[in-house]
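Single-structure report; data block below.
Keep in mind the model is a prediction, meaning the values are calculated, not measured.
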There are 2 protein chains.
Amino acid sequence: MKPGPRRSLSQADIVDAAFEILEQKGFAAVSVRGVAASLGLTPTALYTYFPSKNALLRAMVEQLLSTVGSAAASDTEVTADEPWRDRVYAHAAALRARLADHSGAIVLVTSGPLDGRHALGLNESLVAGFVADGMPHADAARAAHAVRAYVLGAAALDAARRAGDDEESAASPDENTLWSDAAAFPLTEAAAGVAGDGFAWGLDRLLDGLERHAA
Amino acid sequence: MKPGPRRSLSQADIVDAAFEILEQKGFAAVSVRGVAASLGLTPTALYTYFPSKNALLRAMVEQLLSTVGSAAASDTEVTADEPWRDRVYAHAAALRARLADHSGAIVLVTSGPLDGRHALGLNESLVAGFVADGMPHADAARAAHAVRAYVLGAAALDAARRAGDDEESAASPDENTLWSDAAAFPLTEAAAGVAGDGFAWGLDRLLDGLERHAA
DNA sequence: ACCTGAACACCGTTCAAGT
DNA sequence: ACCTGAACACCGTTCAAGT
């Protein structure tokens, strides 16, 4: 094929293609070569749009976080004067939903700094929510940090559980010695199917604690 | 060099060598070839001890978590009948400290399932702490999940912040357009140096919420 | 500016072979 | 059982060259 300008690709097109691969083949398959090939490009052509693979990964994180703020806003826009708790809850739930969408999303977020525009904007919204409720500024910043930590960690545990399930179904029953002595952890074992979706419950406890401290 | 049995290496020796590389050169440098070379081995020799790189990574996670339970116990063994809160706090703090030790530890934990013996044992201790305080079993399991999520997420945010700091110092001042419009996020900006170590504060809020719900 | 093709220094993993 | 050496199918990234 002849070199030269063939079509006009945007950074967003490449990020979309990368997400497609992330969804279908997992994080390990998101390679410069793979993304380029899915767009009919040579690997080196990608370096026209992004200076490194890391830059592409960061752009993916930003695209992921860009929808969180708007999604949370649309969830609560009907009742704009909703209490602080519902607003914070909407943000956290939107962030969690976004992380749960793509199975490799947490590895993505964990793989680099969170100092992009949308990452900072999300934090700003969270802090503003707490400040609006009359929380001292220093506490509001720490409260926002706690909420972000909880949501991120819950997503990480989700991903870990999914990875464990995949492996369990892949292994043959004979070799699966891991759960043969599961009785050694009776409490964990008994809670395996009971818990349901603990995300909202835990977030409610955290918000309870934050609310109590503010009062 | 001649093939054949030369010295007796254990899985623990290899895990130790892998942690050495993780600490000094980061997660990306933890390769089968690199670990083998640091032990004076050929890459293929490692497959005698671990069936895959993933298995080595999991063994690293297990070694990381194995010290958490004992560390938490030694922190509170003087006062064995300490209230539940202090015991849970000790576990969470020990887990956090262990994750903060190695910069690439969260990527490690996030990269696979958490179904090893020590991972399950840690969860069991946490659940037992809540149950001992009279919490219903289902709530105790969800409370333990919330604590693990918070600690994991806080470690992930720690790592992200460190990654951001490293990059900031590496970039030349001219190219650093990221923080030139930092005034767009006044709340986040103002909180940059103030927060101190928010880990304990946030954990206290979460435990407040859990305690309140139990009462 | 956008793209190709060749090349460099890496990966994880498998396989046949040696002791 | 433990190890080597060669090989396969990949990586991210750079560089010279084409349009």
- [ ] Please state whether the rings of A:Tyr150 and A:Phe199 are parallel, tilted or perpendicular, taking 30° and 60° as the class boundaries.
- [x] parallel
- [ ] With A:Leu99 as reference, evaluate A:Val109, A:Leu108, A:Val68, A:Asp158 under the side chain to side chain contact (heavy atoms under 4.5 Å, CB included) test and give the passing residue.
- [x] A:Val109
Open item on the list: Once side chain to side chain donor-acceptor pair (under 3.5 Å) is applied, do any residues pair with A:Asn54, and if so which ones, sequence neighbours excluded?
Closed with: none
Task: Exercise: identify the closest heavy-atom pair between B:Tyr47 and B:Ser52 - done: CE2-CA, 4.1 Å
TODO: Would you kindly give the CZ-to-P distance between B:Arg33 and C:dG12, to the nearest whole Å?
DONE: 7 Å
- [ ] Whole angstrom is fine here: how far is it from CG in A:Leu46 over to C1' in C:dG5?
- [x] 16 Å
Open item on the list: Can you tell me how far apart CG (B:Leu152) and CZ (B:Arg96) are? Round to the nearest 0.5 Å.
Closed with: 12.5 Å
Task: Non-hydrogen atoms of B:Glu124 and A:Pro186 that approach each other most closely - done: OE2-CD, 3.0 Å
Open item on the list: Base of C:dG5, side chain of A:Thr44 - is there a donor-acceptor contact under 3.5 Å?
Closed with: yes
TODO: Please work out the stems of DNA chain C from pairs that are Watson-Crick or G-U wobble with both distances under 3.5 Å, keeping only runs of three or more consecutive pairs.
DONE: C:4-8 with D:12-16, C:12-16 with D:4-8
- [ ] Go through residues 48-56 of chain A and report each residue with a non-hydrogen atom lying under 4.0 Å from DNA chain D, sorted by number.
- [x] A:Ser52, A:Lys53
Open item on the list: Tell me the closest heavy-atom pair linking A:Met135 and A:Leu210, and the distance in Å.
Closed with: CE-O, 3.8 Å
Task: Whichever of A:Pro43 and B:Ser31 has its nearest DNA chain C nucleotide further upstream toward 5' - done: A:Pro43
Open item on the list: Would B:Val35 and B:Leu41 count as a side-chain contact (heavy atoms from CB on, under 4.5 Å) here? Give the steps.
Closed with: CA-CA 8 Å; B:Val35 173; B:Leu41 289 179; over 6 Å; no
- [ ] Round to a whole Å and report the spacing from OH of B:Tyr47 to P of D:dT4.
- [x] 15 Å
Open item on the list: I need the CZ-P distance between B:Phe27 and C:dG12, as an integer number of Å.
Closed with: 10 Å
